[in-house]
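One structure is given here, and the rest of the page talks about it.
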There are 2 protein chains.
Amino acid sequence: MTAPQLKPETLSKERLRLWLRMLRVTRQVEAALREKLRLEFDSTLPRFDVMAALFREREGLKMNELSKRLRVSNGNVTGIVDRLAEDGLVERIAIEGDRRATRVRLTPAGCDAFTLMAQAHEGWVNELLDGVDAEDAHHIGELLHGLPADTGARPR
Amino acid sequence: MTAPQLKPETLSKERLRLWLRMLRVTRQVEAALREKLRLEFDSTLPRFDVMAALFREREGLKMNELSKRLRVSNGNVTGIVDRLAEDGLVERIAIEGDRRATRVRLTPAGCDAFTLMAQAHEGWVNELLDGVDAEDAHHIGELLHGLPADTGARPR
DNA sequence: GCGAATTGCTTCAAGCTTAAAATTTCAAGC
DNA sequence: GCTTGAAATTTTAAGCTTGAAGCAATTCGC
């Protein structure tokens with residue numbers, strides 16, 4: 001199929017090209033999703049991510065766990081949760097026995113809102129990845145899995 | 001190899017899974033690169049992107065062209081170029097015949113700085129994508145190419 | 001020529017993001 | 001009890017990002 005690449009220099013370049021392409025596709029898809037979320041739900045991707053994490057843990061998560069799960073900084077989550085709480089989509093609940101921590105949970109309204117968004121979201125992704133059949137998806141998924149970047153192995 | 005996927009519902013889910021994995025890997029790699037750039041060059045990814053575009057066009061680009069090439073908003077580029085100019089890495093040059101537009105070009109210092117960064121950058125990517133051989137890279141690249149998201153076809 | 005649209009760029013408000021500093025609370029050790 | 005340190009969260013400063021509004025300068029239609 002492909003000519004055998006012998007020089008390591010070529011491998012490095014090939015990986016760089018792959019990275020640049022992945023980056024471009026990812027950004028494109030992200031931009032499309034962001035625009036859809038904004039226009040149809042007046043929301044954002046970070047808000048969606050937070051709600052998705054909370055949807056899977058119906059009893060809620062500590063701010064701590066939330067930022068670890070989403071792999072974003074602590075302070076970042078604070079602001080997003082603030083804004084979601086203002087809109088009545090999530091609520092902060094005191095944890096008894098530890099007055100430092102708070103648990104964040106979707107409100108019923110937040111749960112309903114997320115259900116709608118998640119459905120639309122899956123549809124958008126399905127359209128955006130049109131051309132990738134199940135086998136390709138599976139194949140690429142396998143390759144990306146196992147990558148140092150994908151495992152729990154944080155760089156350094 | 002893989003069991004045949006008959007239901008379209010499954011295809012949609014499979015694509016969603018692929019997207020989530022791509023997103024995670026991309027973010028992880030981006031985070032690693034950002035940290036490296038910060039620690040070793042006291043710089044950022046957006047600055048690197050701008051300098052890379054200007055490095056390829058040694059005569060410089062109009063703000064216009066720059067933002068189109070990087071696919072970011074006009075106002076965005078203004079700020080990044082402002083900061084690069086403060087550091088003496090790029091310069092704004094008046095375009096004669098059109099007093100609205102300006103051409104942005106790497107300074108010699110900016111050119112040197114970018115050469116160093118680009119070399120390190122390729123090395124980092126090579127490490128981060130360790131495990132992807134040339135054939136895989138090529139294969140995934142081909143699949144991502146042709147995607148609606150990768151072609152010039154902007155969503156909507 | 002002249003008014004009107006267009007183009008090129010900047011400014012602005014809002015939100016996202018990080019790293020680092022600050023705050024408050026809890027947990028040990030003594 | 002008191003001190004010291006760790007843990008959970010928020011605050012802060014700086015930068016990135018967008019969409020929309022604003023300002024010039026240019027071009028077009030007539």
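Each chain gets a letter, A, B and so on, in the order the sequences are listed, and its residues count up from 1.
If you check every strand for non-hydrogen atoms under 4.0 Å, B/R47 touches sugar and phosphate atoms only. Counting non-hydrogen atoms under 4.0 angstrom, A/D98 reaches the backbone sugars and phosphates but no base.
Between the C1' atom of D/dT17 and the CG atom of A/L33 lies a distance of 16 Å, rounded to the nearest Å. Protein atom CZ of B/R38 is 12 Å distant from nucleotide atom C1' of C/dT17, rounded to whole Å. Computed from coordinates, the B/E35 CD to C/dT18 C1' distance equals 11 Å when rounded to whole Å. Rounded to whole Å, atom P of D/dT17 lies 10 Å from atom CZ of B/R34. Following rounding to the nearest Å, B/L45 (CG) and C/dA19 (P) show an atom-to-atom distance of 13 Å. Residue A/K68 contributes atom NZ, which lies 10 Å from atom C1' of D/dA7 at whole-angstrom precision. The separation between A/D49 atom CG and C/dG15 atom P is 17 Å, rounded to whole Å. Nucleotide C/dT18 holds its P atom 18 Å from the NZ atom of B/K36, rounded to whole Å.
A donor-acceptor pair under 3.5 Å is absent between the side-chain atoms of A/E142 and the main chain of A/H139, judged by distance alone. Side-chain atoms of A/R92 never come within 3.5 Å of backbone atoms of A/R103 as a donor-acceptor pair (strictly under, hydrogens ignored).
Taking side-chain N and O atoms only, B/T44 has a distance below 4.0 Å to OP1 or OP2 of D/dC16. Taking only side-chain nitrogens and oxygens, B/R99 comes nearer than 4.0 Å to OP1 or OP2 of D/dT26. Contact check, B/N76 against D/dT18: a side-chain N or O comes under 4.0 Å of OP1 or OP2. The phosphate of D/dA8 has OP1 or OP2 within less than 4.0 Å of a side-chain N or O from A/N64. Proximity of B/K62 to the phosphate of C/dC9: no side-chain N or O atom is located under 4.0 Å from OP1 or OP2.
The side chain of A/P46 lies closest to C/dT17, out of C/dA19, D/dT10, C/dT17.
Of all nucleotides present, only D/dA7 satisfies the Watson-Crick or G-U wobble test against C/dT24, with each distance under 3.5 Å.
The residue among A/G75 and A/A101 whose nearest nucleotide of DNA chain D is located toward the 5' end is A/A101.
Applying a 4.0 Å cut-off to non-hydrogen atoms, the residues of residues 77-96 of chain A that approach DNA chain D are A/T78, A/R92, listed by residue number.
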Distance-only donor-acceptor pairs under 3.5 Å for side chains of residues 72-80 of chain A, two or more places apart:
{"unit_1": "A/S73", "atom_1": "OG", "unit_2": "A/N76", "atom_2": "N", "d": "3.4"}
{"unit_1": "A/N74", "atom_1": "OD1", "unit_2": "A/S67", "atom_2": "OG", "d": "2.9"}

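One finds a salt bridge joining B/K13 and A/E122 here, because a Lys/Arg side-chain nitrogen approaches an Asp/Glu carboxylate oxygen to under 4.0 Å. Look at B/E30 and A/R27 and you find a salt bridge, because one of the NZ, NE, NH1 or NH2 atoms lies within 4.0 Å of a carboxylate O, short of that distance. With salt bridges taken as basic N to acidic carboxylate O contacts below 4.0 Å, none links A/R15 and B/D133.
The structure places CG of A/L89 at 7.0 Å from CE of A/M117, a figure rounded to the nearest 0.5 Å.
Both tests pass for A/R58 against the ring of A/F55: distance under 6.0 Å to the centre and angle within 45° of the axis.
Scanning atom types as modelled, no donor and acceptor separated by under 3.5 angstrom connect the side chain of B/R100 and the base of D/dA24.
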